[in-house]
Amino acid sequence: MRNTAKITTAVLAAGALTLGLSACGSDKDSGSTDANATLTVAATPTPQGEILAYIKDNLAAKAGLKLEVKEFTDYVTPNTAVQQGEVDANYFQHQPYLTDFNKKNGTDIVAVPGATVHLEPLGLYSQGVKKLDDLKKGATVALPNDTTNEARALKLLEANGLIELKSGAGYDATPKDVTSNPRNLEFKELEAAQLPRSLADVDAAVINGNYALEADLSPAKDALVAESPKDNPYANFLAVKKGDEDDPRIQKLAKLLTSAEVKKFIEDTYDGAVVAAF
């Protein structure tokens, strides 16, 4: 039976790094390198929490790893929890998001080398539109409102001919960078976790892969268009506070996350909605 501590939390203000984050409930002593201590990892539920649960139930004991998983439903708390030392690591984000988060919040969280695990293709979904060509002029399209995922969503729309972005628009692109919008699409910016619920109120929404999965939406089957995994910079990885990369427990988990067993689990479980990146 899956044994994770699910924590539902509202998105915290980006600057709220001084909060105690008592909801995490961890007594981690920051900097501990005791190879026998329990490793506590923050993750979003799907697929990260599920992948970690698979490791905990099937692989961790044999590797000599005691693993605890704490699940969060937003993209802020897992990083603040790592920074505050409330958890040892997190697994939920890609590099453009982490770079932006560190820059805005003065944090020093880093990717664990060799622990890039998977890609969740971003997709454009709709309840009323069955194919991209039927998206009407003036349609409202919901986008994730965090900086890098909004830019990622806009690039998906651009790649499929719906809009054009100004030259050089990068990982921080916003609707203000749209230079051509022939269908006069209107953009509604929402917190990423709210996007699946927004489908009843908008014409379409660009939804992050983990939230799509939680809503029983498949990028491979349900999306009007979805990202290509080729040369994609948005693969998710294990992350820690700088200086903790060589913790022996982190190294054990990194090897398990990129093992043949986990790759097979991803392939068998997600039917292309999650793609192994190793």
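Quantities reported herein were computed from a predicted structural model and do not represent experimental measurements.
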### Message
Please determine whether side-chain contact (heavy atoms from CB on, under 4.5 Å) holds for the pair Leu52 and Leu253, giving the CA-CA distance in whole Å, both sets of side-chain angles, and the decisive distance to 0.1 Å.
### Response
CA-CA 9 Å; Leu52 290 170; Leu253 181 57; 4.1 Å; yes
### Message
Evaluate Leu39 against Leu65 for side-chain contact (heavy atoms from CB on, under 4.5 Å), listing each step before the verdict.
### Response
CA-CA 8 Å; Leu39 182 72; Leu65 177 66; 4.1 Å; yes
#### Entry: Audit row: Tyr211, Tyr75, ring-ring contact (aromatic ring centres under 6.0 Å, His included) steps and yes/no
CA-CA 11 Å; Tyr211 292 129; Tyr75 289 162; 5.3 Å; yes
### side chain to side chain donor-acceptor pair (under 3.5 Å) evaluation trace for Asn90 with Asn79
CA-CA 7 Å; Asn90 66 44; Asn79 274 339; 2.9 Å; yes
### Query
After noting the C-alpha distance and the side-chain angles of Phe92 and Phe237, does the key distance pass the side-chain contact (heavy atoms from CB on, under 4.5 Å) rule?
CA-CA 7 Å; Phe92 79 101; Phe237 49 74; over 6 Å; no
### Message
Using the rule given for side-chain contact (heavy atoms from CB on, under 4.5 Å), can you reason through Asp146 versus Val76, listing the C-alpha separation, both sets of side-chain angles and the distance that settles it, and then say yes or no?
### Response
CA-CA 10 Å; Asp146 62 277; Val76 176; over 6 Å; no
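Between Ala226 and Leu156, the closest heavy-atom pair is C-CD1, 3.8 Å. Residue Ala239 comes nearest to Gln93 through the heavy atom pair CB-NE2, 3.8 Å, listed as atom of the first residue, atom of the second, then distance. The two residues Ala273 and Pro121 make their nearest non-hydrogen contact at O-CD, 3.2 Å. Taking every heavy atom of both residues into account, Ala254 and Val112 meet most closely at CB-CG1, 4.3 Å. Residues Gly64 and Lys252 share a closest heavy-atom pair of O-NZ, 3.0 Å. Minimum interatomic distance between Leu119 and Ala235 (heavy atoms only, all atoms of both residues): CD1-N, 4.1 Å.
Counting only distance, with no hydrogens or angles, the side chain of Arg183 and the backbone of Leu135 share a donor-acceptor pair below 3.5 Å. In this structure, Asn181 contributes its side chain and Ile163 its backbone to no donor-acceptor pair below 3.5 Å. In terms of modelled atom types and a separation under 3.5 Å, the side chain of Lys155 and the main chain of Ala169 share a donor-acceptor contact. Thr44 contributes no side-chain N or O that, together with a main-chain N or O of Thr46, makes up a donor-acceptor pair within less than 3.5 Å. Not one N or O on the side chain of Glu186 forms a donor-acceptor pair closer than 3.5 Å with the backbone of Ala139.
Annotation: the span from Asp244 atom CG to Asp247 atom CG amounts to 6.5 Å, rounded to 0.5 Å. From Glu158, atom CD reaches atom OG of Ser180 across 9.5 Å, with rounding to the nearest 0.5 Å. Residue Leu143 holds its CG atom at 8.0 Å from CG of Leu195, rounded to the nearest 0.5 Å. Asn236 CG to Asn210 CG: the interatomic distance, rounded to the nearest 0.5 Å, is 7.5 Å.
Under the 3.5 Å distance criterion, with hydrogens and angles disregarded, no donor-acceptor pair is assigned to the side chains of Thr147 and Asp172. Checking Glu120 against Gln48 by side-chain atom types alone, a donor-acceptor pair falls below 3.5 Å. Side-chain atoms of Asn58 and Glu261 include no donor-acceptor pair closer than 3.5 Å. Side-chain atoms of Ser198 and Gln194 include no donor-acceptor pair closer than 3.5 Å.
By the side chain to side chain donor-acceptor pair (under 3.5 Å) test, Asp222 pairs with no residue at all, sequence neighbours left out. When the side chain to side chain contact (heavy atoms under 4.5 Å, CB included) test is applied to Glu245, the partners found at least two apart in sequence or on another chain are Val110, Pro113, Val240, Lys242. In this structure, the side chain to side chain donor-acceptor pair (under 3.5 Å) partners of Thr99, at least two apart in sequence or on a different chain, are Gln95. Scored by the salt bridge (charged side-chain N to carboxylate O under 4.0 Å, His left out) test, Glu227 finds Arg152 as partners (sequence neighbours excluded). The salt bridge (charged side-chain N to carboxylate O under 4.0 Å, His left out) test applied to Lys103 returns no partner, not counting sequence neighbours. Residues satisfying the ring pair (Phe, Tyr, Trp, His ring centres under 6.0 Å) test with Tyr91, not counting sequence neighbours, are His118. Take Phe187 and apply the ring pair (Phe, Tyr, Trp, His ring centres under 6.0 Å) test, not counting sequence neighbours, and it matches no residue.
The hydrophobic cluster containing Val69 also contains Leu238, counting ILVMFWY residues as joined when their side-chain heavy atoms lie under 4.5 angstrom apart, directly or transitively. Under the 4.5 Å side-chain heavy-atom criterion for grouping Ile, Leu, Val, Met, Phe, Trp and Tyr, Val274 is not connected to Leu124 through any hydrophobic cluster. Both Val129 and Leu122 are part of a single hydrophobic cluster, where members link through side-chain heavy atoms under 4.5 Å apart. Hydrophobic clustering (side-chain heavy atoms under 4.5 Å, transitive across Ile, Leu, Val, Met, Phe, Trp, Tyr) groups Ile51 together with Ile250. Note: the hydrophobic cluster containing Val82 also contains Leu98 (ILVMFWY, side chain heavy atoms under 4.5 Å, direct or indirect links).
Contacts classified as side chain to side chain donor-acceptor pair (under 3.5 Å) and involving residues 124-135 (residues at least two apart or in different chains) are not found. Within the structure, ring pair (Phe, Tyr, Trp, His ring centres under 6.0 Å) pairs that include any residue of residues 38-64 comprise Tyr54-Phe265 (at least two apart or interchain). Under the side chain to side chain donor-acceptor pair (under 3.5 Å) criterion, the residue pairs touching residues 264-273 are Glu50-Tyr270, Lys221-Asp271, Lys264-Asp268, with sequence neighbours excluded. Residue pairs meeting the ring pair (Phe, Tyr, Trp, His ring centres under 6.0 Å) criterion with at least one member in residues 133-152, sequence neighbours excluded, do not occur.
Side-chain contact check for Ile266 versus Val262: some heavy-atom pair is nearer than 4.5 Å. Counting heavy atoms from C-beta outward, Glu150 and Pro175 have side chains that approach closer than 4.5 Å. Inter-residue side-chain proximity for Thr40 and Lys70 is flagged as met; some heavy-atom pair is nearer than 4.5 Å. Counting heavy atoms from C-beta on, the side chains of Val41 and Val87 never come closer than 4.5 Å. Looking at heavy atoms from C-beta onward, Thr179 lies out of side-chain contact with Leu165 at the 4.5 angstrom threshold. With contacts defined as side-chain heavy-atom distances shorter than 4.5 Å, the pair Glu164/Val178 does not qualify. Counting heavy atoms from C-beta on, the side chains of Pro45 and Glu214 come closer than 4.5 Å.
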Kindly list each side-chain donor-acceptor pair under 3.5 angstrom involving residues 200-208, sequence neighbours excluded, with atom names and distances?
{"unit_1": "Asp203", "atom_1": "OD2", "unit_2": "Thr140", "atom_2": "N", "d": "2.7"}
{"unit_1": "Asn208", "atom_1": "ND2", "unit_2": "Asn149", "atom_2": "OD1", "d": "3.1"}

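Between Gln83 and the options Thr107, Asp108, Asn102, a side chain to side chain donor-acceptor pair (under 3.5 Å) holds for only Asp108.
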